[in-house]
Q: 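Below is the structure I would like to discuss, written out as structure tokens.
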Amino acid sequence: MVTSARRGPYFCGIDAAMDVVSGKWKSLILWELHHYGVRRFGELRRGLPGVSEKMLIQHLREMEEDGLVHREVYREVPPKVEYSLTEHGVSLNTALTSLGEWGTERIRRIGAEKVSADATATATARR
């Protein structure tokens with residue numbers, strides 16, 4: 001397993017956890033891989049409207065380095081690469097469940113719009 005270059009020092013466990021999930025797209029990448037399972041790069045990009053290719057590559061590399069995401073490269077033409085959650089990534093998603101529930105309640109409480117992930121992916125695919 002690759003070890004992370006980020007090793008603290010940390011003030012507390014939340015500080016260490018946020019070091020791993022910091023960045024706008026990391027928690028959404030975790031959700032996408034949890035919700036859909038194994039995904040190719042293009043599928044991840046379509047599932048996360050607004051993410052740039054550069055940012056997605058950067059976050060996936062960091063998440064692989066942190067042991068959250070497994071990158072499987074198939075030696076074929078054209079090259080095929082698939083991403084999936086590791087056991088460590090699944091455990092982080094489990095830890096984030098309460099935060100997601102809190103966010104869902106916030107959406108309800110403030111009357112914010114909630115976009116369907118499936119509708120977003122369909123709209124993005126049409127572009």
Side-chain angles (χ1 to χ4, degrees):
M1 175 190 277
V2 178
T3 57
S4 173
R6 294 183 299 272
R7 296 191 172 275
Y10 297 116
F11 294 103
C12 63
I14 290 176
D15 186 19
M18 293 308 294
D19 189 26
V20 175
V21 295
S22 64
K24 178 178 179 177
W25 300 103
K26 287 184 181 179
S27 58
L28 296 173
I29 292 168
L30 285 168
W31 180 88
E32 182 82 8
L33 291 173
H34 174 77
H35 190 73
Y36 292 105
V38 176
R39 302 291 271 178
R40 293 181 68 176
F41 182 84
E43 293 171 322
L44 278 170
R45 186 142 186 232
R46 283 188 299 276
L48 301 169
V51 68
S52 70
E53 186 172 327
K54 177 185 175 188
M55 190 56 61
L56 183 56
I57 289 169
Q58 178 183 328
H59 281 329
L60 286 168
R61 285 183 182 155
E62 289 174 5
M63 294 171 78
E64 184 181 10
E65 183 179 298
D66 288 328
L68 303 173
V69 170
H70 173 72
R71 181 177 186 259
E72 183 73 32
V73 179
Y74 295 90
R75 305 286 180 209
E76 55 188 55
V77 178
K80 177 180 170 183
V81 179
E82 293 180 336
Y83 296 90
S84 59
L85 289 178
T86 63
E87 192 173 310
H88 193 56
V90 170
S91 72
L92 178 56
N93 249 349
T94 301
L96 291 172
T97 299
S98 295
L99 184 60
E101 291 168 356
W102 184 90
T104 299
E105 174 57 26
R106 174 174 162 68
I107 290 169
R108 186 203 60 73
R109 184 174 45 83
I110 66 172
E113 181 181 355
K114 184 175 179 187
V115 179
S116 164
D118 294 329
T120 303
T122 302
T124 303
R126 290 182 188 152
R127 290 184 192 158

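Side-chain atoms are counted along with the backbone in the values below, which use heavy atoms only and exclude waters and symmetry mates. Heads up: numbering here begins at 1 and tracks the sequence. Here the structure is a predicted model, which means the values were calculated and not measured.
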Q: Is it the case that one hydrophobic cluster holds both Met18 and Phe11, taking links as side-chain heavy atoms less than 4.5 Å apart, direct or via other members?
A: no

Q: Name all pairs fulfilling the side chain to side chain donor-acceptor pair (under 3.5 Å) condition that reach into residues 68-78, sequence neighbours left out, sorted by first residue then second.
A: His70-Glu72, Arg71-Tyr83, Tyr74-Glu82

Q: Please name the pair of heavy atoms, one in Val69 and one in Thr86, separated by the smallest distance, quoted to 0.1 Å.
A: C-CG2, 3.7 Å

Q: Would you give the length of the straight line joining atom CG of Leu68 to atom OG of Ser91, rounded to the nearest 0.5 angstrom?
A: 8.0 Å

Q: Could you walk me through whether Met55 and Lys24 satisfy the side chain to side chain contact (heavy atoms under 4.5 Å, CB included) test, starting with their C-alpha distance in whole Å, then the side-chain angles of each, then the deciding distance to 0.1 Å, before giving a yes or no?
A: CA-CA 10 Å; Met55 190 56 61; Lys24 178 178 179 177; over 6 Å; no

Q: Can you name the side chain to side chain contact (heavy atoms under 4.5 Å, CB included) partners of Leu85, sequence neighbours left out?
A: Leu30, Leu33, His34, Val90, Asn93

Q: Please determine if Glu64 and Arg61 form a salt bridge, counting it only when a charged side-chain N lies under 4.0 Å from a carboxylate O.
A: no

Q: Could you measure the distance from the OH atom of Tyr10 to the CG atom of Asp19? Nearest 0.5 Å is fine.
A: 3.5 Å

Q: To the nearest 0.5 Å, tell me how far Ser52 OG sits from Arg45 CZ.
A: 7.0 Å

Q: If you compare all heavy atoms of Lys26 against all heavy atoms of Ser22, which two are closest, and at what distance to 0.1 Å?
A: CD-O, 3.1 Å

Q: Working to the nearest 0.5 Å, report the span between CE of Met63 and CG of Leu92.
A: 7.5 Å

Q: Start with the C-alpha distance between Leu60 and Leu44, add both sets of side-chain angles, then the distance that settles side chain to side chain contact (heavy atoms under 4.5 Å, CB included), and finish with yes or no.
A: CA-CA 10 Å; Leu60 286 168; Leu44 278 170; 4.0 Å; yes

Q: Rounded to the nearest 0.5 Å, what separation is found between the CD1 atom of Ile110 and the CD atom of Glu105?
A: 10.5 Å

Q: Can you confirm whether Leu56 sits close enough to Trp25 that some side-chain heavy atom of one is under 4.5 Å from a side-chain heavy atom of the other?
A: no

Q: With rounding to the nearest 0.5 angstrom, report the CD1 to NZ distance, Ile57 to Lys54.
A: 10.0 Å

Q: Could you work out, with salt bridge (charged side-chain N to carboxylate O under 4.0 Å, His left out) as the rule, every residue matching Glu43, not counting sequence neighbours?
A: none

Q: Same cluster or not: are Ile14 and Leu96 linked, directly or through other Ile, Leu, Val, Met, Phe, Trp or Tyr residues, by side-chain heavy atoms under 4.5 angstrom apart?
A: yes

Q: Quick check: closest heavy atoms across Ile107 and Lys114, and the distance to 0.1 Å?
A: CG2-CB, 4.1 Å

